[in-house]
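Chain naming here is simple, since letters A, B, ... match the order of the sequence lines and numbering starts at 1 in each.
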There are 2 protein chains.
Amino acid sequence: MAGRREWTCETLVAGVREGDPRALARAISLVENGDPLAYELVSAVYAETGRAYSIGVTGPPGVGKSTLIGALVRHVRAGEQTVGVISVDPSSPFTQGALLGDRIRLSDHFLDEGVFIRSMGTRGHQGGLAETTLQALLVLDAAGKDLVFLETVGAGQSEVEVISVADTVLLVLMPGSGDSIQALKAGIMEIPDVIAVNKRDHPAAKTMVNEVRQVLALDRERQWRPPIVLTEAVRGEGVPELWEQVEAHRAFLESEGRLEDRRRRNLAGEVFAVASARAKTHLERAVADDPELRRLLDEVQRRELDPLSAVREIMEKVFRLDGADAR
Amino acid sequence: MAGRREWTCETLVAGVREGDPRALARAISLVENGDPLAYELVSAVYAETGRAYSIGVTGPPGVGKSTLIGALVRHVRAGEQTVGVISVDPSSPFTQGALLGDRIRLSDHFLDEGVFIRSMGTRGHQGGLAETTLQALLVLDAAGKDLVFLETVGAGQSEVEVISVADTVLLVLMPGSGDSIQALKAGIMEIPDVIAVNKRDHPAAKTMVNEVRQVLALDRERQWRPPIVLTEAVRGEGVPELWEQVEAHRAFLESEGRLEDRRRRNLAGEVFAVASARAKTHLERAVADDPELRRLLDEVQRRELDPLSAVREIMEKVFRLDGADAR
């Protein structure tokens, strides 16, 4: 960051509203660190948000999510829309600083004022990734970005929580993503809105598409039938078609007030996710700081106090919940 | 269950101690339903637990975890050890009642007094699966089972929490489990203690073993190098070899006090997981029951109150945590 400029809430709010990349970079860092200034900033601009359209991109590591986001960004930039990208995937090349490499070829976007890209960690953040993702999305929304991509690595429930705030959820798979197919089939992974099967040159790509199609066919109740698009992110192939499907989903949501309904549910879900994450962090810190609570764990380990009785005592002490509440 | 016998805490404790299958079935149902009697029971027998050795079995859906557990049970029963099996995998054939079918061929175990098999759900249980799994394990431990298998479907963090109480964690993969390999490689999935590559007749089985081996080779620091065993669960092939590796891991843990250390960490982790799950459930119920808290969510949706301010108000109201605590 050039110049260690001191930001106040006012200058930060003004900078974010103008879409100043330095203000945005600072704001996201504050969000990442759980700084009180980030809270004030989002609180100040919240009334102006809700204009950006957000796309959550999930999938197992290694399927090419980052490359695909890069290709989508290039595609939508041709249409003049401004873009923000937030990656909370610890295995993402965005996170690992590989961005400037040839492989991702996103470096041109760094020279483009219309694009803001940032990876984020949690660093033991109280509200967890759900909080940082939501706040970062709101910052980019307030900065006037038309589109915001949220990247996360999709495995289980907690990971999906991170992007459940998105308007459209895009699942990226590749040939060999058998575990994900099984998880979709078993109902363990939620059905996304759009599916990309990346690395379409792979001999097994068509088979993978058929497998996904069979899984989706099991669910006939769904109003929106998730489209499946074959892509080759590295060469940008299938990317316009993929974007068309994202826009089709957006058009579907924007009709009959569905987008508003979805955002209502999403925001309520996020508030719960953040509150739960905070309760958990609070709990861990309380036990770490309190010799009496640590003593309870010792008693459990010596088989003198059963685990649920220890939980009860901890709930009473930390959250002031009595036995009946905590049960 | 034959005869709607009324159980008291005393008769239940006595029945569990004797390993009476009806008492066990009743006890696990009580655990599953979060019944206060389950709490009293575990509390009464806790001092006697810690004798069973537990094996957590995880992996994507469809890889044959249940069949492999069935084969392992058959193998260890030949050696006279008594066994309990708890499945918390919603996609497991144990759960879906397919147990009596030919495919699993576990039906013989139902006639075997030395084996107790049970699948469990959460049904909105306050302490989540972490609580039901832990309590069920303690019941079977108190019943004198030598070995307890815990089956869960492994995808993300929250799923793994369920079996993190186990002494040995066995990950089951099959050819096509590319997503899991990538997740292991990216450090998103924790390295298990033993790995089985099931469906070894598949032409890609050897390739899968090599891929797993390469991932494991990246971690040179590890004292215990997780062995990889090729199995064909349906025909019981590779099962004695797999069990040998589980026992080797057990021997490793039992030397130099490692088992005690691991159990200490596991129990503390379980107490946290249960307490966090309860805090979350408490939060959801509090908001559902309180018009004032629901009003906060409406304000968030109308962009009048930002999400973090709503979280703060909820934390204050529900957990009586002030702003500084909740931040």
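Ion pairing between a basic and an acidic side chain is recognised when a charged N comes within 4.0 Å of a carboxylate O; A:Glu313 and A:Lys317 show no such pairing. Salt bridge annotation for A:Arg264-A:Asp261: present, with a cationic side-chain nitrogen under 4.0 angstrom from a carboxylate oxygen.
No part of A:Leu296 comes within reach of chain B, as not one of its non-hydrogen atoms sits under 4.5 angstrom from that chain. Within the 4.5 angstrom heavy-atom criterion, only side-chain atoms of B:Gln135, from C-beta onward, approach chain A.
Looking only at heavy-atom pairs under 4.5 Å with chain A, the residue among B:Leu134, B:Val271, B:Leu308 that has the most is B:Leu308. Note on B:Glu304, B:Arg263, B:Glu284: by heavy-atom pairs under 4.5 Å with chain A, the leading option is B:Glu284. Highest contact tally toward chain B, considering only A:Gly176, A:Ala47, A:Pro307, A:Ala268, is held by A:Pro307 [criterion: heavy-atom pairs under 4.5 Å]. Counting heavy-atom pairs under 4.5 Å between each of B:Val287, B:Ile314, B:Leu173 and chain A puts B:Val287 at the top. Counting heavy-atom pairs closer than 4.5 Å to chain B, the top residue among A:Lys185, A:Gln182, A:Gln301 is A:Gln301. Annotation: maximal heavy-atom pairing with chain A below 4.5 Å, among B:Val42, B:Val45, B:Thr49, occurs at B:Thr49.
Using a 3.5 Å distance cut-off with no hydrogens or angles, the side chains of A:Asp306 and A:Ser309 do pair a donor with an acceptor.
Enclosure of atom CD in A:Glu260 is not indicated, since only 12 or fewer non-hydrogen atoms of other residues, nucleotides or ligands lie within 6.0 angstrom.
Using a 4.5 Å heavy-atom threshold, the side chains of A:Glu40 and A:Cys9 count as touching.
With B:Asn266 contributing its side chain and B:Ser164 its backbone, the two residues share a donor-acceptor pair below 3.5 Å.
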